[in-house]
*Asks:* 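I have a structure here, written as structure tokens, and I will follow up with some questions on it.
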Amino acid sequence: WSPGSRCGPGACAPWAGTTPAPCAPPTPSRWFGLRRRGPVDLLARLAAHPDPGVRADLVWTVGRWSTPGVADLLDGLADDPHPRVREAVAAVRDR
């Protein structure tokens with residue numbers, strides 16, 4: 001950690017007399033993305049989310065998981081109408 005670093009100890013007010021910087025909490029996809037296995041059945045509903053950013057984030061989150069059902073989920077998202085989602089699927093499969 002260093003003064004001014006993002007979301008470390010004192011990051012929201014790194015030193016006295018400064019204006020606190022916004023410190024965004026970690027997103028659920030960040031925490032799930034740190035795992036090797038996860039609740040695909042619970043997150044799969046996000047594949048139908050109207051925001052392509054959410055669908056792409058889902059791909060990056062589950063892309064490394066060894067959980068049964070991930071391949072089927074990615075197969076469905078490989079045909080997504082938004083290029084960002086399709087590119088994310090291609091990228092996680094190329095790893």
Side-chain angles (χ1 to χ4, degrees):
W1 175 84
S2 63
S5 67
R6 186 128 169 106
C7 295
C12 294
W15 47 82
T18 64
T19 304
C23 191
T27 63
S29 62
R30 166 80 174 120
W31 293 115
F32 282 125
L34 296 173
R35 301 171 67 157
R36 293 189 319 161
R37 293 180 62 95
V40 173
D41 55 333
L42 296 177
L43 297 180
R45 65 184 177 83
L46 294 175
H49 196 280
D51 182 349
V54 171
R55 297 190 308 270
D57 194 35
L58 174 64
V59 171
W60 291 112
T61 298
V62 304
R64 293 184 181 208
W65 286 1
S66 60
T67 308
V70 169
D72 292 336
L73 180 61
L74 293 177
D75 287 345
L77 289 167
D79 296 326
D80 193 272
H82 199 278
R84 180 175 170 195
V85 179
R86 294 191 307 267
E87 291 166 5
V89 172
V92 299
R93 286 185 168 168
D94 285 343
R95 288 189 207 177

*Asks:* Which heavy atom of Val59 sits nearest a heavy atom of Leu77, and at what distance?
*Replies:* CG2-CD1, 3.6 Å
*Asks:* Find out whether Trp65 and Leu73 are in side-chain contact, i.e. whether some heavy atom of one side chain is under 4.5 Å from a heavy atom of the other.
*Replies:* no
*Asks:* Would you compute the distance between atom CG of Asp51 and atom CG of Leu46 and round it to the nearest 0.5 angstrom?
*Replies:* 10.5 Å
*Asks:* Check Leu43 against Val62 and note the closest heavy-atom contact, atom names and distance.
*Replies:* CD1-CG1, 4.4 Å
*Asks:* So which heavy atom on Arg55 is nearest to which on Ala47, and how close?
*Replies:* CD-O, 3.1 Å
*Asks:* Which heavy-atom pair separates Trp60 from Ala91 by the least distance, and what is that distance?
*Replies:* CH2-CB, 3.4 Å
*Asks:* Taking all non-hydrogen atoms of both residues, which atom of Pro52 and which atom of Pro50 are closest, and how far apart?
*Replies:* CD-O, 3.4 Å
*Asks:* Do Asp57 and Arg84 meet the salt-bridge criterion of a basic N to acidic O distance under 4.0 Å?
*Replies:* no
*Asks:* At their closest point, which heavy atom of Leu74 faces which heavy atom of Arg93, and how far apart are they?
*Replies:* C-NH2, 3.4 Å
